[in-house]
Amino acid sequence: MKYGILFSVVSVLLVVSAVSHAGWFYFLLWPALSFGVIATGYFHFGSRVYGKSKAGVLSAINQLILLPYLTYLWSVWHLLRLIKRETAYDQLSENIFIGRRLLSHELPAEIDHVIDLTCEFTEPLALRRKSYYLFPILDGFVPTSDLLRGWLNEIADLHGTIFIHCAEGHGRTGLFAAALLLHKGQFQNPDEALRFIRSKRSLVRLGSRQMKMLNELQKFAQPHLSRDRQ
């Protein structure tokens, strides 16, 4: 919700500035529209506002409408990629890797499956050429519990190595990786799963809504895990 409010405020301020100054300032109505559309995603429409296809590509019309916001977002991402000392990816287990969105040349050769949690980027070609799964989540947001369980069921029995990523490899990636480990019964509770993940990728942090989602998922999964152990 806070992201929706923030982007709404930015949109309104841009509109006010454009109307107040007129002339060339009317150009600000484009970024105002861009930030306003993103706000509607957080309030109601979810990741659909980006128009990202199952093939991992943003639609041309959505990119045009959102270009001012996307230019800002992509610029920040590339800047952080260049200045941060954090590794691009880390290995959780023999067959699970997690990390940020990779460029094509950064993808490890041993990766068989790519789990893309972003909705705001077109996935690089090398990653889309793998066994590719798009599970789009707005930054700082959560999917419904039913949707998350469906995604976990879809990839839980994959053979080979899996690479899970969002933009920076922190919030959405931490949520999904912890959920997957819990789904597989490798940990008893979310805290244990997250401690393990942070031992491999220290900057993983979950927001309150993401933690709530993990706890809800665990409540659903625990009876099944208990029966499996009997």
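This is a predicted model, so every value here is computed, not measured.
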Side-chain heavy atoms of [X] within contact of [Y], under 4.5 Å:
X    : Y    : result
L103 : R81  : yes
Y133 : I164 : no
L182 : P190 : yes
Y72  : S34  : no
I155 : F135 : yes

Approximate separation, where rounding is to 0.5 Å, of [X] [atom1] and [Y] [atom2]:
X    : Y    : atom1 : atom2 : answer
L125 : K130 : CG    : NZ    : 11.5 Å
T71  : Q63  : OG1   : CD    : 10.0 Å
E192 : L194 : CD    : CG    : 10.5 Å
I38  : S8   : CD1   : OG    : 11.0 Å
F176 : W151 : CZ    : CH2   : 7.5 Å

Checklist entry - So which of R201, R205, K84 actually passes salt bridge (Lys or Arg N to Asp or Glu O under 4.0 Å) with E168? => result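 Only match with E168 under salt bridge (Lys or Arg N to Asp or Glu O under 4.0 Å): K84.
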Show me, pair by pair, the donor-acceptor contacts under 3.5 angstrom made by side chains of residues 47-54, not counting sequence neighbours?
unit_1, atom_1, unit_2, atom_2, d
R48, NE, F45, O, 3.0
R48, NH2, F45, O, 3.4
K52, NZ, D116, OD2, 2.7
K52, NZ, T118, O, 3.2
K52, NZ, T118, OG1, 2.9
K52, NZ, F121, O, 2.6
S53, OG, A55, N, 3.3
S53, OG, V57, N, 3.4
S53, OG, V57, O, 3.4
K54, NZ, L134, O, 3.1

Checklist entry - Is the closest basic N to carboxylate O distance between E120 and R101 below 4.0 Å? => result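 No, no charged N to carboxylate O under 4.0 Å.
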Checklist entry - Ion pair present between E86 and R100, side-chain N to carboxylate O less than 4.0 angstrom? => result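 A salt bridge is absent here (no side-chain N lies under 4.0 Å from a carboxylate O).
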Which heavy atom of [X] sits nearest to which heavy atom of [Y], and what is that distance?
X    : Y    : answer
P108 : Y89  : CG-CZ, 3.3 Å
T144 : M213 : C-CE, 3.9 Å
G169 : C166 : N-SG, 3.3 Å
L138 : G41  : CD1-O, 3.4 Å
F25  : A18  : O-CB, 3.1 Å

Item to check | Among T173, I115, I162, side-chain contact (heavy atoms from CB on, under 4.5 Å) partner for I98 | outcome: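 Only one of T173, I115, I162 forms a side-chain contact (heavy atoms from CB on, under 4.5 Å) with I98, namely T173.
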Next on the checklist: I want to know whether F97 and F163 have ring centres closer than 6.0 Å.
Outcome noted: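 Aromatic pair excluded; centres sit 6.0 Å or further apart.
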Checklist entry - With no hydrogens and no angle check, do the side chains of N153 and H183 hold a donor and an acceptor under 3.5 Å apart? => result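 The criterion, which ignores hydrogens and geometry beyond distance, is satisfied for H183 and N153.
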Next on the checklist: Whether the side chain of S104 engages the backbone of P124 through a donor-acceptor N/O pair (distance < 3.5 Å, no angle test) should be reported.
Outcome noted: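 Side chain of S104 to backbone of P124, a donor-acceptor pair under 3.5 Å: no, none is there.
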